[in-house]
There are 2 protein chains.
Amino acid sequence: MSDTRGYHHGDLRRTLLTAAVQAIEESGPAALSLRDLARRAGVSHAAPAHHFGDRAGLFTAIAAQGFDTLADTLTGAGDELLDLGVAYVRFAVGHRAHFEVMFHPDLYRTDDAELRAARERSGAVLRAGLAHRSGRPTPAADGPQGDVLAAWSIVHGFATLWLAGALPAGLGEDPGDAARSVIRHLFTPAPGTD
Amino acid sequence: MSDTRGYHHGDLRRTLLTAAVQAIEESGPAALSLRDLARRAGVSHAAPAHHFGDRAGLFTAIAAQGFDTLADTLTGAGDELLDLGVAYVRFAVGHRAHFEVMFHPDLYRTDDAELRAARERSGAVLRAGLAHRSGRPTPAADGPQGDVLAAWSIVHGFATLWLAGALPAGLGEDPGDAARSVIRHLFTPAPGTD
DNA sequence: CACCGTATCTTGTCGTTGACAAGATACGGT
DNA sequence: ACCGTATCTTGTCAACGACAAGATACGGTG
């Protein structure tokens, strides 16, 4: 269950990761402090550096974990195109710490091997799911898979705006439901007849 | 032209703002240092604090400036719905420092008066432009202006993904052109026939 | 022109942080 | 029992944000 078996602390790497995710959810990635993390875990201030090298290394691990989780989430989504988009939004809001780190490459090392693998995997799942479920075998003439990018853009944009608190009130509590009624407008001719 | 008339430095507040924007474009908001800003402007390390109070105050000023510029940009956009979206994306990529700060409210003070006014103004311009140009007088039954949110989401998502470097290669150099071919898929029935 | 109030900027300082170096500790294999 | 190594601690340094107190220069008033 744990990749680093019980040493002095037992499972410090995993403990630090979960503590970091929680801290980011509370105060954002910018406010994350390695020393505060060490205090929460009850270890010395330099202990995190051994597992992650530096701050960027910690964010790299979080991003990789996030891309892996996203791939799993999308794989388990429903068969409808709509369900895939809703799953994307639900992941973003439900794992906002991971999501925020994942799409801020200046926080981590984009050339990390484990990260690249996870990112590529989630990207492949997303593209495959969108392309397959859109029921369109060949992409249109306007650039590479413009409809896939349109679908990705709308769900990513909605999730980002939701997390930023930029959306107007009155959308309800559940971001998934709100997203569903918004994504429905993609590939829809004119009035909101459904 | 300048709100703080020539004192010791002359126009320190404006100088610091432009230097901050440039620094953020180079290394992101997280790496911004007030002391480094002071060094670039050739003043003492505590000079910025007088004009902005603290780091959050500086980001507040940048965000307000960004929302104002966005409102102006959208006001001057073309008559087509597509043009409005392209203008949004062009602003995001052309003013990435402002854009990134604007949609990270944990960086600044959301209750600042000047900021709230600018944010509301740009929001009103965006909503009015989208609602007017979509040629749909009454919103659909699915929530408050679902189509406006869909349009906002797709342009915001595309801009965010572009800035994060998450989009695949082959979209060309100009984000505006790429955005146009992607946004076109909104409100479009099935295949890419246009 | 002399004076004063005030905005602007400087100097000095404190606690915190990230990063690095060197040493101590505990585990696993032989 | 022993040794190599991964894990963690202690110590240190430069940089940073924030605050306090003082110096400087401007604008207005007499």
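A, B, ... follow the sequence lines: proteins, then strands. Residue 1 opens every chain.
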Check the distance between D:dC16's C1' and B:Arg55's CZ and give it to me in whole angstrom.
-> 9 Å
Give the nucleotide from the list C:dG18, C:dG12, D:dT10 with an atom nearest to the side chain of A:Arg35.
-> C:dG18
Separation of D:dA20 P from B:Asp54 CG (nearest whole Å) | 13 Å
Using heavy atoms to find the nearest nucleotide of DNA chain D for B:Gly53 and A:Ser44 separately, return the residue whose nucleotide is more 5′.
-> A:Ser44
May I have the distance from B:Phe52 (atom CZ) to D:dC19 (atom P), rounded to whole angstrom?
-> 17 Å
Which atom names give the shortest non-hydrogen contact between A:Ile183 and A:Gly85, and what distance separates them?
-> CD1-C, 3.8 Å
B:Asp36 CG to C:dG18 C1', straight-line distance once rounded to whole Å | 17 Å
Lys/Arg N to Asp/Glu carboxylate O, B:Arg109 vs B:Asp112, below 4.0 Å = no
Would you call the rings of A:His95 and A:Phe91 parallel, tilted or perpendicular if under 30° counts as parallel and over 60° as perpendicular?
-> parallel
Inspect the contact between A:Asp83 and A:Arg90 and indicate whether a charged nitrogen and a carboxylate oxygen are less than 4.0 angstrom apart.
-> no
Does OP1 or OP2 of C:dG18 have a side-chain N or O of A:Ser33 closer than 4.0 Å?
-> yes
D:dC16 P sits how many Å from B:Leu34 CG, rounded?
-> 10 Å
is_close_aromatic(A:Phe59, A:His104), centroid dist under 6.0 Å = no
Round to the nearest Å and state the distance from A:His45 atom NE2 to C:dG23 atom P.
-> 16 Å
Over how many whole Å does the gap from A:Leu12 atom CG to C:dC27 atom P extend?
-> 15 Å
Looking at every strand, decide which applies to B:Leu32 at a 4.0 Å heavy-atom threshold: base, sugar-phosphate, or nothing.
-> sugar-phosphate
Name the pairing partner of D:dG28, where a pair is Watson-Crick or G-U wobble with both distances under 3.5 Å, or state none.
-> C:dC3
Return the value, rounded to whole Å, for the distance between atom CZ of B:Phe59 and atom C1' of D:dA18.
-> 15 Å
Watson-Crick or G-U wobble partner for C:dA19, using a 3.5 Å limit on both distances?
-> D:dT12
Does OP1 or OP2 of D:dC16 have a side-chain N or O of B:Arg39 closer than 4.0 Å?
-> yes
Across all strands, who's sitting opposite C:dC14 as a Watson-Crick or G-U wobble pair, both distances under 3.5 Å?
-> D:dG17
Determine: side-chain N/O of B:His50 to OP1/OP2 of C:dC9, distance under 4.0 Å, yes or no.
-> no
OP1 or OP2 of C:dC9 less than 4.0 angstrom from a side-chain nitrogen or oxygen of B:His51, does that happen here?
-> yes
